[in-house]
Amino acid sequence: MRIRVKSHDEGHEGTGVRRAGARLRGWGGVTAMAAACAVTAAAVLLPLAQAAPEAGSHPAVVREPASMAAAPAPWTLTDTCQNPEASLSPSAGDGPTIERIRKAGKLVAGVDQNSFKWGYRNPVDGRLDGFDIALVKAIAKDILGDENAVIYRAIPTSQRVPALQDGRVDVVVRTMTINCKRLEDVAFSTAYFEAGQQVLAPKGSPITGYDASLKGRRICTAAGSTAEAALKAQPYGSVPVSVPNQLDCLVRLQLGEVDGIITDNALAAGQAAQDPSVRLVGSPFTKEFYGVAMKKDASDLVRRVNKVLENYRAGGDNSPWMQAYVTHLKPVLPGVAGPPAPKYRDG
């Protein structure tokens, strides 16, 4: 079967296709798997934008990323507010947003379907699976009494905030970093995972990390991501390439159209597990926290999600959080001791 690959944001594909034979290792099953899942995807997921085909899942274990606490920080995301991870205190009470969701009978969740082990199409049954999906189900179970009472909408990175503002989704659970800039537009739950930006490059690449080795290299980031902001602030002489979805970066790397990727190391570990020809290099250069994003005025929903997270973290090694980590992330991102502690700004 001849595979014809076209970039999401470019009409020029000749160079990438010519290089595919040299760089596309173990990737022949991607198109076949995507086709097999197409019918199921159409029935279950309501996309807001065209998503890239799901990558083949090869659950190879990658090396543990370097400790974020010990990592050097040549660039840091400058927050202009204090304690951006501090959210509203948890409450099981109802409110107008909760009532609207109950009346609709469904929680509408903005998710990814292309991030291996976070939000992706499981090749076994074609259903959405991953760490973020498990959290969506916990929220739906708490509010509606049914973890499957969810309408999933696939959204690209750049549409996470607009989808909330426009009312197309109730929550976004999509490896979304809490920061001050985003807090101007949306509200966040307490943090449910800690990550850091890191470089993903082919094995044997001269790129050594987020440093001067990026000079002259084509470096890919997802539009609207913290990685894109970091590269704009400190490009190290690189040639930035922006794409709608993170998986597009991996496809471009495999086609030889870019030389490296900057993304959250939690996502990069999943991508390295998909393609053993790439690896994490250097150390994480930021410290970031994922949160559930909601509409800015949905304070009742924010408090309710924080209550769900309070229960989700409880129980130590037997907590639902740890069970989800062991099931989805531990094979590709070992060594995580537990969830970050919640911070509250009102008690």
Non-neighbouring partners of E310 that pass salt bridge (charged side-chain N to carboxylate O under 4.0 Å, His left out), sequence neighbours left out: K307
Under 3.5 Å, is there a donor-acceptor pair between the [X] and [Y] side chains?
X    : Y    : result
Q197 : T286 : no
R174 : S115 : no
T226 : R182 : no
Y192 : D132 : yes
N318 : Q323 : no
D264 : Y290 : yes
S242 : E228 : yes

Below 4.5 Å, heavy atoms only, C-beta onward: do [X] and [Y] meet side chain to side chain?
X    : Y    : result
K232 : P240 : no
R218 : R252 : no
C249 : V258 : no
D211 : T208 : yes
I261 : V199 : no
E194 : K287 : yes
D112 : Y120 : no
K343 : T190 : no

Test log, rule side-chain hydrogen bond (donor to acceptor under 3.5 Å, both in side chains), inputs D275 and S277: CA-CA 5 Å; D275 184 355; S277 71; 2.7 Å; yes
Roughly how far, to the nearest 0.5 Å, is [atom2] of [Y] from [atom1] of [X]?
X    : Y    : atom1 : atom2 : result
E257 : D248 : CD    : CG    : 10.5 Å
L231 : Q234 : CG    : CD    : 9.0 Å
L200 : L267 : CG    : CG    : 10.5 Å
K330 : K117 : NZ    : NZ    : 13.5 Å
L309 : L135 : CG    : CG    : 5.5 Å
R100 : D300 : CZ    : CG    : 9.0 Å

Which residues share a ring pair (Phe, Tyr, Trp, His ring centres under 6.0 Å) with Y312, sequence neighbours left out: none
Any residue meeting ring pair (Phe, Tyr, Trp, His ring centres under 6.0 Å) with F131, in chain and number order, not counting sequence neighbours: W118, F193, W321
Quick one: which of [options] gives a side chain to side chain contact (heavy atoms under 4.5 Å, CB included) with [X]?
X    : options          : result
N114 : L247, L250, V251 : L247
F188 : E85, M294, M176  : M176
R303 : S89, S87, P90    : S89

Residues D170 and K106 bridged, charged N to O under 4.0 Å: no
Electrostatic pair R304:D94 at N-O distance under 4.0 angstrom: yes
Other residues, nucleotides, ligands: >12 heavy atoms within 6.0 Å of N148 CG: yes
K141 atom NZ, neighbour heavy-atom count above 12 within 6.0 Å: no
Residue pair K295, Q165: steps toward the side chain to side chain contact (heavy atoms under 4.5 Å, CB included) verdict: CA-CA 6 Å; K295 207 165 185 177; Q165 293 177 322; 5.6 Å; no
Main-chain N/O of G316 paired with S319 side-chain donor or acceptor, under 3.5 Å: yes
Test item: R217 side-chain N/O and D259 main-chain N/O as donor-acceptor pair under 3.5 Å: no
Test log, rule side chain to side chain contact (heavy atoms under 4.5 Å, CB included), inputs L107 and L144: CA-CA 8 Å; L107 176 73; L144 296 165; 4.2 Å; yes
Which atom names give the shortest non-hydrogen contact between [X] and [Y], and what distance separates them?
X    : Y    : result
V150 : A109 : CG1-CB, 4.1 Å
G335 : Y325 : N-OH, 3.3 Å
S213 : P206 : CB-O, 3.8 Å
A163 : I155 : CB-CG2, 4.3 Å
N265 : P284 : ND2-CG, 3.6 Å
G105 : A149 : O-CB, 3.8 Å

Worked check of side chain to side chain contact (heavy atoms under 4.5 Å, CB included) between S205 and V281: CA-CA 9 Å; S205 167; V281 295; over 6 Å; no
Cluster check V239, I219: I/L/V/M/F/W/Y, side chain < 4.5 angstrom: no
Parallel, tilted or perpendicular: rings of F285 and Y210 (30°, 60°): parallel
Worked check of side chain to side chain contact (heavy atoms under 4.5 Å, CB included) between I98 and L301: CA-CA 6 Å; I98 299 293; L301 182 58; 3.7 Å; yes
Full working for salt bridge (charged side-chain N to carboxylate O under 4.0 Å, His left out) between R168 and D166: CA-CA 6 Å; R168 289 174 282 171; D166 297 344; 3.2 Å; yes
